[in-house]
Amino acid sequence: MNLSWKKLRHLADTYGDSFYILDLEQFNRNYQNFLAAFQSIYPNSQIAYSYKTNYTPRLCQLTEQMQGYAEVVSGMEYNLALKIGVAPERIIFNGPYKQAHDLERALLNHSIVNIDSTYEVKHICALSSQFPQQTIQVGIRCNFIIGTESPSRFGFDIKDQNFQKALKTLRNLPNCQITGIHCHFLPHERSTESYKKIARQMIQLALTEFAQDNLKFIDLGGGFFSPMPIELQQQFSHPIPTFSDYGYAIANEFKAAFPKNGPELILEPGISLTADTMQFVTKIIDIKAHEKHQIALAAASRYDIKPNLSARNLPLSVFHAPDSKPRQGIFNIVGSTCMENDCLYDNYTGKLGVNDHIVFNNVGAYTNVLRPPFINFAPPIISIDAQEKIEMIRRRETLDDIFSTYTF
């Protein structure tokens with residue numbers, strides 16, 4: 001949709017002064033481009049979409065339609081995948097804390113469960129004894145040093161004795177199979193060289209420590225950068241790899257190690273698929289002078305676009321109202337909450353006026369899922385297709401949505 005102030009005003013009249021626009025076609029393009037970057041080199045590659053990054057049901061449904069896995073990290077997300085209609089065996093259950101009933105359900109439903117700690121091994125031993133006729137298949141999250149980063153707190157340290165104990169215990173269970181290995185890191189600069197090292201280490205583990213297990217999959221997790229405009233790239237001190245860069249670095253390692261009939265390479269992208277699929281629209285309510293710069297008050301807050309409190313300024317576009325009489329200058333675009341640090345954009349240089357609409361880009365990852373129920377209702381999410389047909393994806397939050405679980 002080609003946006004204009006008039007169109008945004010019409011949308012605001014219907015959906016309120018602030019709202020998200022979800023581009024479903026962009027998600028489709030990102031999904032297919034990411035997958036092609038790997039499958040073109042190592043055909044046995046597949047996506048497991050990270051629900052935690054943006055669990056908007058329409059995105060999860062698109063993943064299911066494109067035959068990807070659902071990657072979940074809690075019982076809540078597991079239930080969402082089932083409600084959407086994902087077959088249990090197409091759900092990958094990760095995360096450090098799996099409640100006993102959720103772990104049992106996932107294992108008995110033949111979901112892919114990547115265990116993170118020794119407490120899960122104890123649960124698996126009990127299940128093995130309770131259900132001797134049931135084959136229990138598990139994956140193991142592996143932890144190792146990949147560079148100068150601080151050690152990760154997740155998974156089994158491959159140099160720790162508990163790693164070997166877990167392997168021995170699981171292999172001694174008559175009805176348990178270790179079917180895969182998993183890892184997930186946020187390497188330095190998320191560089192292709194770091195991911196290449198991760199791929200090599202996981203392949204080495206598969207060919208040595210897990211050679212006897214005849215692994216079905218090797219899951220490298222996510223953390224890959226998304227496509228981003230130059231304005232955002234320039235706020236990083238290092239190059240931003242493309243999907244093709246990641247595919248070339250990782251898939252070639254798998255192709256060399258497994259020229260025929262290798263294990264499935266699973267990737268768990270979240271940010272890379274969603275970051276540029278959402279925009280956030282809000283309105284300038286007032287502008288006032290300040291000793292150092294002007295202050296433009298928006299009808300939204302930083303929690304709508306940067307709930308992780310990132311210091312980076314997101315790319316934005318300004319659509320001037322016909323009667324706004326915009327001022328030229330340097331502005332802090334501040335939010336509608338009573339928090340002093342509620343700033344949506346620091347030091348914006350340009351023209352702004354009252355009733356202008358501002359559109360922030362690259363807000364599709366960790367925004368609507370992390371936004372707290374704080375002071376204001378969560379904005380609605382709409383989608384607009386190529387024919388400018390509008391679909392309500394999520395309505396605006398209400399008082400009952402927030403307070404129905406409280407006792408009055």
S.K.: Tell me, do Leu3 and Gln279 make a side-chain contact under 4.5 Å, heavy atoms counted?
M.R.: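 The answer is yes; the side chains approach within 4.5 Å.
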S.K.: Is the backbone of Val72 close enough, under 3.5 Å, to the side chain of Glu77 for a donor and an acceptor to pair up by distance?
M.R.: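 No, because the side chain of Glu77 does not come within donor-acceptor range (under 3.5 Å) of the backbone of Val72.
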S.K.: Could you check if a side-chain atom of Ile136 sits within less than 4.5 angstrom of a side-chain atom of Leu173, using non-hydrogen atoms only?
M.R.: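 No, every pair of side-chain atoms sits at 4.5 Å or beyond.
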S.K.: Less than 4.5 Å apart, side chain to side chain, heavy atoms only: is that true for Asn347 and Asn332?
M.R.: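 Yes. Closest side-chain heavy atoms under 4.5 Å.
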S.K.: Got a second to check how far Glu120's CD is from Ile140's CD1, nearest 0.5 Å?
M.R.: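 Rounded to the nearest 0.5 Å, the CD-CD1 separation comes to 10.0 Å.
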S.K.: Under 6.0 Å from the CZ atom of Phe154, do we count more than 12 heavy atoms belonging to anything else shown?
M.R.: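 Check passes, neighbour count above 12.
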S.K.: Is there a donor-acceptor pair under 3.5 Å between the side chain of Arg312 and the backbone N or O of Leu232?
M.R.: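 No.
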S.K.: Under a plain distance cut-off of 3.5 Å, with no hydrogens placed, do Asn368 and Thr56 share a side-chain donor-acceptor pair?
M.R.: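 A pair is found: one side chain offers a donor N or O, the other an acceptor, under 3.5 Å apart.
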S.K.: Counting only heavy atoms not in Asp286, do more than 12 fall under 6.0 Å of its CG?
M.R.: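 Count over threshold, so yes.
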S.K.: Verify salt bridge (Lys or Arg N to Asp or Glu O under 4.0 Å) between Asp213 and Arg171, making sure each step is shown before the conclusion.
M.R.: CA-CA 9 Å; Asp213 298 298; Arg171 286 169 178 156; 2.6 Å; yes
S.K.: Is there a donor-acceptor pair under 3.5 Å between the side chain of Asp116 and the backbone N or O of Pro96?
M.R.: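 Answer holds: no.
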S.K.: Report yes if some heavy atom in the side chain of Leu309 is under 4.5 Å from a heavy atom in the side chain of Arg302; otherwise report no.
M.R.: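 Sidechains of Arg302 and Leu309: in contact.
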S.K.: Distance-only, no hydrogens or angles: does the Asp102 side chain make a donor-acceptor pair with backbone N or O of Lys98 under 3.5 Å?
M.R.: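 The answer is no, because no donor-acceptor pair under 3.5 Å joins these two groups.
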S.K.: Angle between ring planes, Tyr348 versus Tyr345, binned at 30° and 60°: parallel, tilted or perpendicular?
M.R.: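 The rings of Tyr348 and Tyr345 stand perpendicular, inter-plane angle above 60°.
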S.K.: Which atom names give the shortest non-hydrogen contact between Ser74 and Phe93, and what distance separates them?
M.R.: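 Shortest heavy-atom separation between Ser74 and Phe93 comes out as N-CE1, 3.6 Å.
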S.K.: Any side-chain donor paired with an acceptor under 3.5 Å for Gln46 and Gln67?
M.R.: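 Looking only at side-chain atoms, Gln67 and Gln46 do not form any donor-acceptor pair under 3.5 Å.
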S.K.: Out of the candidates Tyr55, Phe27, Tyr31, only one should pair with Tyr49 under the ring pair (Phe, Tyr, Trp, His ring centres under 6.0 Å) rule; please name it.
M.R.: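 Of the listed options, the one satisfying the test is Phe27.
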S.K.: Check the pair Leu22, Glu391 against side-chain contact (heavy atoms from CB on, under 4.5 Å), reporting the backbone distance first and the verdict last.
M.R.: CA-CA 10 Å; Leu22 174 61; Glu391 177 185 357; over 6 Å; no
S.K.: For the NZ atom on Lys255, are there more than 12 heavy atoms of other groups (residues, nucleotides or ligands in this structure) within a distance under 6.0 Å?
M.R.: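 Counting neighbours around NZ of Lys255, 12 or fewer heavy atoms of other residues, nucleotides or ligands fall under 6.0 Å, so no.
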S.K.: Give a yes or no on whether the backbone of Tyr119 and the side-chain of Ser117 come within a donor-acceptor separation of less than 3.5 Å.
M.R.: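 No: the side chain of Ser117 does not pair with the backbone of Tyr119.
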S.K.: For the CZ atom of Phe243 and the CG atom of Asn33, what is their distance to the nearest 0.5 Å?
M.R.: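 That separation rounds to 7.0 Å.
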S.K.: Checking the side chain of Asn143 only, and the main-chain atoms of Ser152 only, is there a donor and an acceptor separated by less than 3.5 Å?
M.R.: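 Indeed, once roles are kept as given, a pair shorter than 3.5 Å links the two residues.
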S.K.: With no hydrogens and no angle check, just 3.5 Å: does a side-chain donor-acceptor pair link Asn94 and Glu71?
M.R.: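 Result is yes, a qualifying pair exists.
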S.K.: Quick one: does Arg396's side chain have a donor or acceptor within less than 3.5 Å of a partner on Tyr15's backbone?
M.R.: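 A pair under 3.5 Å: yes.
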S.K.: Does the plane of the ring in Phe163 sit parallel, tilted or perpendicular to the ring in Phe210? Use 30° and 60° as the thresholds.
M.R.: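 Rings of Phe163 and Phe210: perpendicular, as their planes differ by over 60°.
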S.K.: Quick check, are the ring centers of Phe185 and Phe144 under 6.0 angstrom apart?
M.R.: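 Under 6.0 Å, so yes.
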S.K.: Provide the closest heavy-atom pair for Leu8 versus Val359 in the form atom of the first, atom of the second, distance.
M.R.: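 Nearest heavy atoms, Leu8 then Val359: CD1-CG2, 3.9 Å.
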S.K.: Does Ser129 use its side chain to pair, donor to acceptor, with the backbone of Cys125 at less than 3.5 Å?
M.R.: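 Side chain of Ser129 to backbone of Cys125, a donor-acceptor pair under 3.5 Å: no, none is there.
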S.K.: Could you tell me whether the side chains of Asp356 and Ser324 share a donor-acceptor contact shorter than 3.5 Å?
M.R.: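 Ser324 and Asp356 do have a side-chain donor-acceptor pair below 3.5 Å.
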S.K.: Taking Tyr42's backbone N and O only, do any of them form a donor-acceptor pair with Ser45's side chain (distance below 3.5 Å, no angle check)?
M.R.: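 Such a contact is found between Ser45 side chain and Tyr42 backbone.
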S.K.: Only one of Tyr195, Phe236, Tyr246 clears ring pair (Phe, Tyr, Trp, His ring centres under 6.0 Å) with Phe225; which?
M.R.: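 Result: among Tyr195, Phe236, Tyr246, Phe236 is the only option passing the ring pair (Phe, Tyr, Trp, His ring centres under 6.0 Å) with Phe225.
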S.K.: So, for Lys351 and Val318, which heavy atoms are closest and what is the spacing to 0.1 Å?
M.R.: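 Looking at all heavy atoms of both residues, the shortest contact is O-CG1, 4.1 Å.
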S.K.: What I'd like to find out is whether the side chain of Asp385 reaches to under 4.5 Å of the side chain of Leu24, using heavy atoms alone.
M.R.: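 No, side chains not in contact.
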S.K.: Verify the neighbour count for atom CZ of Arg9: are there more than 12 heavy atoms of other residues, nucleotides or ligands below 6.0 Å?
M.R.: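 Counting neighbours around CZ of Arg9, 12 or fewer heavy atoms of other residues, nucleotides or ligands fall under 6.0 Å, so no.
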S.K.: Asn175 and Ser128: side-chain donor and acceptor closer than 3.5 Å?
M.R.: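 Yes, because at least one side-chain N or O of Asn175 sits under 3.5 Å from a partner of the opposite role on Ser128.
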S.K.: Is any side-chain heavy atom of Asp23 less than 4.5 Å from a side-chain heavy atom of Arg29?
M.R.: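 Yes, their side chains come closer than 4.5 Å.
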S.K.: I'd like to know if the side chain of Arg105 pairs up with that of Asn79 as donor and acceptor (distance under 3.5 Å, no hydrogens or angles considered).
M.R.: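 There is such a pair between these side chains.
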S.K.: Within the 3.5 Å criterion, strictly below it, is a donor on Glu264 or Tyr69 matched to an acceptor on the partner's side chain?
M.R.: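 Judged by distance alone, the side chains do pair up.
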S.K.: Take atom CD1 of Ile330 as the centre, draw a 6.0 Å sphere, and report whether it contains more than 12 heavy atoms from other residues, nucleotides or ligands.
M.R.: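 12 or below, so no.
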S.K.: Can you name the closest pair of heavy atoms from Leu186 and Gly223 and give their distance?
M.R.: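 Of all heavy-atom pairs spanning Leu186 and Gly223, the closest is CD2-CA, 3.7 Å.
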S.K.: In Å and rounded to the nearest 0.5 Å, what is the OG1 to CG distance from Thr277 to Asn361?
M.R.: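 Spacing of OG1 (Thr277) from CG (Asn361) equals 11.0 Å.
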S.K.: If you measure from CD1 on Ile250 to CG on Leu267, what distance do you get to the nearest 0.5 Å?
M.R.: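 Answer rounded to 0.5 Å: 6.0 Å.
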S.K.: Is there a side-chain contact between Thr118 and Lys165 in this structure, where contact means two heavy atoms from C-beta onward sitting under 4.5 Å apart?
M.R.: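 Not touching, per the 4.5 Å side-chain cut-off.
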S.K.: Any luck finding a side-chain donor-acceptor pair between Asn376 and Ser336 under 3.5 Å?
M.R.: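 Judged by distance alone, the side chains do pair up.
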S.K.: What heavy-atom pair brings Ala378 and Glu397 nearest, and what distance separates the two atoms?
M.R.: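 Looking at all heavy atoms of both residues, the shortest contact is N-OE1, 2.9 Å.
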S.K.: Any side-chain heavy atom of Phe258 within less than 4.5 Å of one from Ile218?
M.R.: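 In short, these two side chains touch, coming nearer than 4.5 Å.
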S.K.: With no hydrogens and no angle check, do the side chains of His123 and Gln99 hold a donor and an acceptor under 3.5 Å apart?
M.R.: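 No, because no side-chain N or O of His123 sits under 3.5 Å from a partner of the opposite role on Gln99.
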S.K.: Quick check: are there more than 12 heavy atoms from other residues, nucleotides or ligands sitting under 6.0 Å from CD of Gln328?
M.R.: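 Yes - once you tally the heavy atoms of other residues, nucleotides and ligands closer than 6.0 Å, there are more than 12.
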S.K.: Go through the steps for Ile295 and Leu297 under the test side-chain contact (heavy atoms from CB on, under 4.5 Å), then give the verdict.
M.R.: CA-CA 6 Å; Ile295 296 176; Leu297 173 64; 5.6 Å; no
S.K.: Assess whether side-chain contact (heavy atoms from CB on, under 4.5 Å) is satisfied between Val138 and Val121, documenting all intermediate values.
M.R.: CA-CA 10 Å; Val138 299; Val121 177; over 6 Å; no
S.K.: So, Asn109 side chain and Ser111 main chain: donor-acceptor pair closer than 3.5 Å or not?
M.R.: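 It does not hold such a pair.
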S.K.: If you measure from CG on Leu370 to CG on Asn54, what distance do you get to the nearest 0.5 Å?
M.R.: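 If we round to the nearest 0.5 Å, Leu370:CG and Asn54:CG are 10.0 Å apart.
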S.K.: Is it the case that Asp342 and Thr337 place a side-chain donor and acceptor less than 3.5 Å from each other?
M.R.: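 Yes, side-chain donor-acceptor contact under 3.5 Å.
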S.K.: Find the distance between CZ (Phe280) and OG1 (Thr367) and round it off to the nearest 0.5 Å.
M.R.: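 The CZ atom of Phe280 sits 9.0 Å away from the OG1 atom of Thr367.
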S.K.: Of the non-hydrogen atoms in Pro227 and Asn362, which two are nearest, and what is the gap between them?
M.R.: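 Reported closest heavy-atom pair: O-ND2, 3.7 Å.
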S.K.: After noting the C-alpha distance and the side-chain angles of Gln294 and Ile287, does the key distance pass the side-chain contact (heavy atoms from CB on, under 4.5 Å) rule?
M.R.: CA-CA 7 Å; Gln294 301 184 77; Ile287 295 178; 3.9 Å; yes
